[in-house]
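Small disclaimer: the values here were computed from a predicted structure and weren't measured.
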Amino acid sequence: MNIEQMLSGLNPQQREAVTAPDGPLLILAGAGSGKTRVVTCRIAYLIAEKGVKPWNICAITFTNKAAGEMRDRVNKLVGFGAEAINVATFHSTCVRILRRFIDRIGYQNNFVIYDTDDSKSVVREICKDLSVNTKIYKERTILARISSAKNELVYPDQFPEWAGNDPESVQTAQVYAEYQKRLKRNNALDFDDLIGLTVKLFRVVPEVLAYYQEKFRCLLVDEYQDTNKAQFVLVSLIAHKYHNLCVVGDDDQSIYRFRGADIGNILNFEKIFPEARVIRLEQNYRSTQTILDAANAVIANNQGRKEKSLWTDNGKGGKVILKRFETASQEAYYIVEDIARQKREGNFDYKESAILYRTNAQSRSLEEQLLMENVPYTIIGGVNFYARKEIKDILAYLRTIANGQDDLSVRRIINIPKRGIGETTIARIASYASSTGTSFFDAATQAAVIPGLARGSAKILDFVYFIQKLRRDCAGKDAAGIVKMVVDRTGYVKELEAERTDEALDRIGNIDELISKAAGAAGEDPSGSAGRSVTGLAALNAFLEQVALVADIDSFSDDADRVPLMTLHSAKGLEFDNVYIAGMDEGLFPGYRSISSGDSADMEEERRLCYVGITRAKKRLTLTSAKARMLRGQTEWYRVSRFVDEIPEDLLDDNRVKSPVRRDEAGKTSASFHMLSKAQEERKREHEEFLEKPFYMRSRTKAAAQSAARPAFGVDILKGSAMMGSASLAYGVGDRVHHIKFGDGTVKEIADGKRDKQVTVEFDQYGTKKMLAGFAKLQKI
DNA sequence: AAGTGTTAAATTTTT
DNA sequence: TTTAACACTT
């Protein structure tokens, strides 16, 4: 594409950013301001106008998805030579560097990558071995502290000084040191090591650094607001020679502080690079002005930020819709109904209507409702695909085949499927391994000579031979073929099939997916020499490499017309015509932790998350809230989120009823509310007064919590609106009924549901629908 | 060693 | 509510 043409399609600020001369450049890109476009155009500009060689450009993102998108767009823009540009995530860029040079700092180049689960197992083991009291010092906490130390480039020897000498830190220091030793022994790196050890490599081996300073002469970093200290240092080191560092980000969208992201990196960019040029992109091409105004109003309540204000020349658009419900299921019902209606009326496809929420737990009630109404959906996130048990089992096999040094994987599968190898046997092998200084697998090879294993050694050797045979038989197979072989020969799927449960079927489905992912990865040689398909252990290694660094969001595509459900975090970087943010409740969003932490930085991060959510919407935004919802089995009560109050009223289409008598969504069925006896009314009032105080401010003694939920109305009144209606259904199977939206129909079935009766009606116009009696508002005709 | 049952415990967000 | 860790039984 012609560069003149390309530039003429940009607004002045964008053009300035694209054509800015060499030197540090900070692009403050508000939500929807065409950030990716600017980055890709700049890359094209550098190549075409500045004579920069494609292989001297390195563009770094956080997710594979972002990298993939950037890759596609760069390819289109640059054409010849584009494939030589490094477009990759922080982690995969580091892996590539380490695969090549990590032996310079005493590691092996064929290391494996541990995920958080693996790390946790290692920590658990260490705690056992060092007899750490995990009642006081939780494994999770220890792991979190190790991780944040690594994010700050604090290595084990520096940890005591860094952390202090309170008992917990002393304990953590020991675990950290041992953890690092074991990882090394297992030839493994965790996620944080990928960054941290690359930095170490650069610091310890100057010629390697010098090599990359030359190679990545032009460095571009996306989502810079999410970088942590280690990533900052990494980038600074590489950019130190040429200062050609272009960072793009939005401090208002920094939402990963909890895992070490340091918003200071972007806020202080100009202090660190005094010659930096700063360009603000404030024109938004995504949303309506009303949505932007709402977002601006919310984020304005944050202190530590770069002042900026988004605007658009899109129209004003409709107001932000705000709905308040009694319960989470009513909230879900409304959202699903509304999505269905938008689809019916031809306003928005399912895939254009996204449901966002703060916590994954909230997806449940929404999912139930979507199922009930037969609305297709996809949930993004939750348990990472590669964290699922069955997938981890298969992967452990693959790792064992690829590299017997990874004790964790070997031990994971040594008794899967059951081979009669128990804990004591494993412990014997482990101690033999550590006394002889070999890996667990190598020790197992010697089972015959391990003291105390006389009887069990045959089983061990069977396992060893099994693995060795698998290893030999990899020859000539591609990754998918190898996965298939493992699945077949272990009998993994067969075993699941025998279970005959839904869950087992699910797992089989996941394994099939793994195989097709492997098939998709086939032939893709990560070192670049495309075209030649790889087989055998090389193919296996390539696949394992790919698999280690993927997130769920990476595989999200909007091919199928399904309603996407995801957390606000996952939604960052995406956009939808019609967005619902569910659970706008104080205590849920913002979460009670950030309310009670006393650290305003926590609240500001929540607010940024809210800002991210609002700015996902292009045309229509709905915020919903519920008075009460179930949280781990208990009903908790919420008032409306403060973020809602931060939106000016004139931007809101607000259904919060101001009149004293509340009519809930169920309309007539909630007449039950008005049939309470005087005494009951009184108790309900008392209860509500008590509950004025949100749950997270009440004393948390068990007794108090129980008496709060039980003696007064609590749960009953919640379920009541639905249940009381169903206790006396005015219709039965075979009756003709009328529905306010679907018109007339015949009742086909009435089934007892969890909360309510589920009525199946065959409507004359709209076909068969299943609905909850309490909400359906069916009238006998 | 494997299966069963009990208890406790925990819940943000994920490259 | 759901999950994981632990103890106990067979």
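Following rounding to the nearest Å, A:Y357 (OH) and B:dT13 (P) show an atom-to-atom distance of 10 Å. Rounded to an integer number of Å, the gap from A:K572 NZ to B:dT14 P is 12 Å. Between A:E423 atom CD and B:dG3 atom C1' the separation is 14 Å, expressed in whole Å. Following rounding to the nearest Å, A:F385 (CZ) and B:dT15 (P) show an atom-to-atom distance of 15 Å. The CZ-P distance, from A:R388 to C:dA4, rounds to 13 Å in whole Å. Counting to the nearest Å, the P atom of B:dT14 and the CG atom of A:D226 are 12 Å from each other. In this structure, A:Q225 places its CD atom 20 Å from P of B:dT13, rounding to the nearest Å. With rounding to whole Å, A:I416 atom CD1 is found 14 Å from B:dA2 atom C1'.
Listed nucleotides C:dA5, B:dG3, B:dT14 differ in distance to A:K418; the shortest reach to its side chain belongs to B:dG3. In this structure, the nucleotide among B:dT13, C:dT1, B:dA2 sitting nearest to the side chain of A:R364 is C:dT1. Taking every side-chain heavy atom of A:M630 into account, C:dT1 is the closest of C:dT1, B:dT11, B:dT13. Distance from the side chain of A:R632 is smallest for C:dT1 among the nucleotides B:dT14, C:dT1, B:dA1. When the nucleotides B:dT13, B:dT15, B:dA1 are ranked by their closest atom to the side chain of A:H91, B:dT15 comes out on top.
Checking each of A:V122, A:L189, A:D118 against A:L183 for a side chain to side chain contact (heavy atoms under 4.5 Å, CB included) leaves exactly one that passes, namely A:V122.
For A:N360 and B:dT13, the shortest distance from a side-chain N or O to OP1 or OP2 is below 4.0 Å. Distances shorter than 4.0 Å separate none of the side-chain N or O atoms of A:R419 from OP1 or OP2 on B:dA1. Note on A:S570: a side-chain N or O is less than 4.0 Å away from OP1 or OP2 of B:dT14. Taking only side-chain nitrogens and oxygens, A:R593 never comes nearer than 4.0 Å to OP1 or OP2 of B:dT11. When the side-chain nitrogen and oxygen atoms of A:N415 are compared with OP1 and OP2 of B:dA2, one or more of them lie within a distance under 4.0 Å. Residue A:T359 places no side-chain N or O under 4.0 Å from the OP1 or OP2 atom of B:dT13.
Contacts of A:F589 with the nucleic acid, taken as non-hydrogen atoms under 4.0 Å apart, are absent. The residue A:G591 sits apart from the nucleic acid: no heavy atom pair falls under 4.0 Å. Counting non-hydrogen atoms under 4.0 angstrom, A:R124 reaches the backbone sugars and phosphates but no base. Within 4.0 Å of A:T425, counting heavy atoms only, lie sugar-phosphate atoms of the nucleic acid but no base atom.
Comparing A:T89 and A:G422 by the nucleotide of DNA chain B whose heavy atom lies nearest to each, the residue mapping closer to the 5' end is A:G422. Mapped onto DNA chain B by nearest heavy atom, A:D192 and A:K138 fall at different nucleotides, with A:K138 at the one closer to the 5' end.
Stacking of the aromatic ring of A:F258 onto the base of B:dT13 is found: the ring centres lie under 5.5 Å apart and the planes are inclined by under 30°.
For the residue pair A:Q180/A:D193, the side-chain donor-acceptor check at 3.5 Å is satisfied.
A donor-acceptor pair under 3.5 Å links the side-chain atoms of A:Q231 to the main chain of A:N228, judged by distance alone.
Ion pairing of A:K35 with A:D250 is absent here, as no side-chain N (NZ or NE/NH1/NH2) approaches a carboxylate O to less than 4.0 Å.
The base of B:dT14 has none of its N or O atoms less than 3.5 Å from a complementary donor or acceptor on the side chain of A:H569.
Note on ring orientation: taking the six-membered ring where Trp is involved, the planes of A:F589 and A:F643 are perpendicular (angle over 60°, cut-offs 30° and 60°).
Cation-pi check for A:R608 over A:Y611 is not met; the charged atom does not lie both under 6.0 angstrom from the ring centroid and within 45 degrees of its normal.
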Verdict with supporting geometry, A:K229 and A:D262, salt bridge (charged side-chain N to carboxylate O under 4.0 Å, His left out)
CA-CA 7 Å; A:K229 165 104 181 271; A:D262 182 359; over 6 Å; no

